[in-house]
Asks: 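Pasting a structure below so you can have a look.
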Amino acid sequence: MKFFIDTANLSQIKEAQDLGVLDGVTTNPSLMAKEGIVGQENVLKHYVDICNIVTGDVSAEVIATDYKGIIAEGEMLAALHKQIVVKVPMIKEGIKAIKYFSSKGIRTNCTLVFSAGQAILAAKAGATYLSPFIGRIDDMNQDGMELIKQIVLIYKNYGYKTQVLAASIRSSMHIVKCAEAGADVATCPLSAILDLLKHPLTDIGLAKFLADHKKSEEKALVK
Ligand code: E4P
């Protein structure tokens with residue numbers, strides 16, 4: 001499973017990249033706004049800055065919601081850098097645009113996906129990635145992970161090439177469950193990636209190894 005980081009924060013992206021396990025980045029207009037990136041020029045520059053930190057795919061979301069607008073914005077984003085993947089919302093105009101981008105060899109990430117039916121449409125349109133939002137489904141007292149399992153099965157049944165990019169991940173447990181379900185990618189906050197490191201028995205075990213090593217070194221010095 002590939003790991004993407006779900007942020008527009010450059011220092012978090014650098015930290016994840018330095019860990020050596022990062023495969024890409026996803027952003028959205030809310031994440032860009034959170035970093036105070038405003039104005040088209042700054043937004044475009046920020047995407048290039050992200051591409052210069054990581055080696056993998058970087059999702060950049062269109063703001064337009066009409067077909068012509070999505071195409072124009074998507075082509076501009078794709079021309080920015082070879083790592084850019086155009087993120088398109090799951091709406092009628094978006095599906096038409098994904099089909100167009102797919103015919104032009106422009107890679108896409110179909111976002112705001114909350115049902116298997118939407119997943120089928122996006123795959124048929126030729127989306128490169130599909131982003132089902134686990135956490136936001138959980139927030140509605142439904143099981144977001146069930147949707148990931150359902151989509152993975154449907155894509156397997158028909159050999160769809162669209163990659164399942166599990167999004168709206170809130171915890172390290174979500175990441176593990178996505179891997180069990182066979183998601184192609186998990187896009188996560190840095191905290192969820194770092195939480196994968198944690199286990200109390202690792203800390204206890206390491207403390208004991210180091211203490212034993214120190215004791216034997218001290219004994220050797222006395223001899
Ligand atoms: C996915 O690409 C979205 O950017 C993101 O995962 C949404 O997460 P949220 O529900 O935590 O806002």
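Computed from heavy atoms alone, side chains included, the values below leave out hydrogens, waters and symmetry copies. Both counts, for ligands and for their atoms, begin at 1 and track the order of listing. Please read all numbers here as calculations on a predicted model, not as lab measurements.
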Asks: Is the number of heavy atoms from other residues, nucleotides or ligands within 6.0 Å of NZ (Lys99) greater than 12?
Replies: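 Result for NZ/Lys99: open.
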
Asks: I'd like to check whether Thr111 has a polar contact with ligand 1, where a contact means an N/O of the residue lying under 3.5 Å from an N/O of the ligand.
Replies: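 N/O-N/O distance below 3.5 Å does not exist for this pair.
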
Asks: Ser131 to ligand 1: N or O pair under 3.5 Å?
Replies: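 No, Ser131 has no N/O under 3.5 Å of an N/O on ligand 1.
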
Asks: Taking all atoms of both residues into account, what is the closest heavy-atom pair of Ala60 and Leu77, and its distance?
Replies: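 Heavy-atom minimum between the residues: O-CD1, 3.6 Å.
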
Asks: Can you pull out the closest protein heavy atom to atom 7 (C) of ligand 1? Residue, atom name and distance to 0.1 Å, please.
Replies: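 Result for atom 7 (C) of ligand 1: Phe133 CE2, 3.6 Å.
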
Asks: Pick from Thr108, Asn28, Thr128, Asn109: which one makes a side-chain hydrogen bond (donor to acceptor under 3.5 Å, both in side chains) with Ser59?
Replies: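 Result for side-chain hydrogen bond (donor to acceptor under 3.5 Å, both in side chains) with Ser59: Asn109.
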
Asks: Looking only at protein heavy atoms, which one is nearest to atom 12 (O) of ligand 1, and what is the separation?
Replies: Arg136 NH2, 2.8 Å

Asks: Under a 4.0 Å threshold between the charged nitrogen and the carboxylate oxygen, would Arg136 count as salt-bridged to Asp139?
Replies: no

Asks: Is it the case that ligand 1 has an N or O less than 3.5 angstrom from some N or O of Asp6?
Replies: yes

Asks: Kindly give the heavy-atom pair with the smallest separation between Thr7 and Val25, and that separation in Å.
Replies: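 Closest pair (atom of Thr7, atom of Val25, distance): O-CG1, 3.5 Å.
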
Asks: Pick whichever of Thr7, Thr27, Asn28 has a heavy atom sitting closest to atom 4 (O) of ligand 1.
Replies: Asn28

Asks: Report the C-alpha distance between Lys96 and Glu93 in whole Å, list the side-chain angles of each, state the deciding distance to 0.1 Å, and finish with yes or no for salt bridge (Lys or Arg N to Asp or Glu O under 4.0 Å).
Replies: CA-CA 5 Å; Lys96 284 158 65 181; Glu93 301 292 287; 3.3 Å; yes

Asks: Students should be able to answer this: which protein heavy-atom is nearest to atom 8 (O) of ligand 1, and at what distance?
Replies: Ser168 CA, 3.4 Å

Asks: Identify, for atom 2 (O) of ligand 1, the protein heavy atom at the shortest distance, and state residue, atom and that distance.
Replies: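 Going atom by atom, the protein heavy atom closest to atom 2 (O) of ligand 1 ends up being Lys87 NZ, 2.6 Å.
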
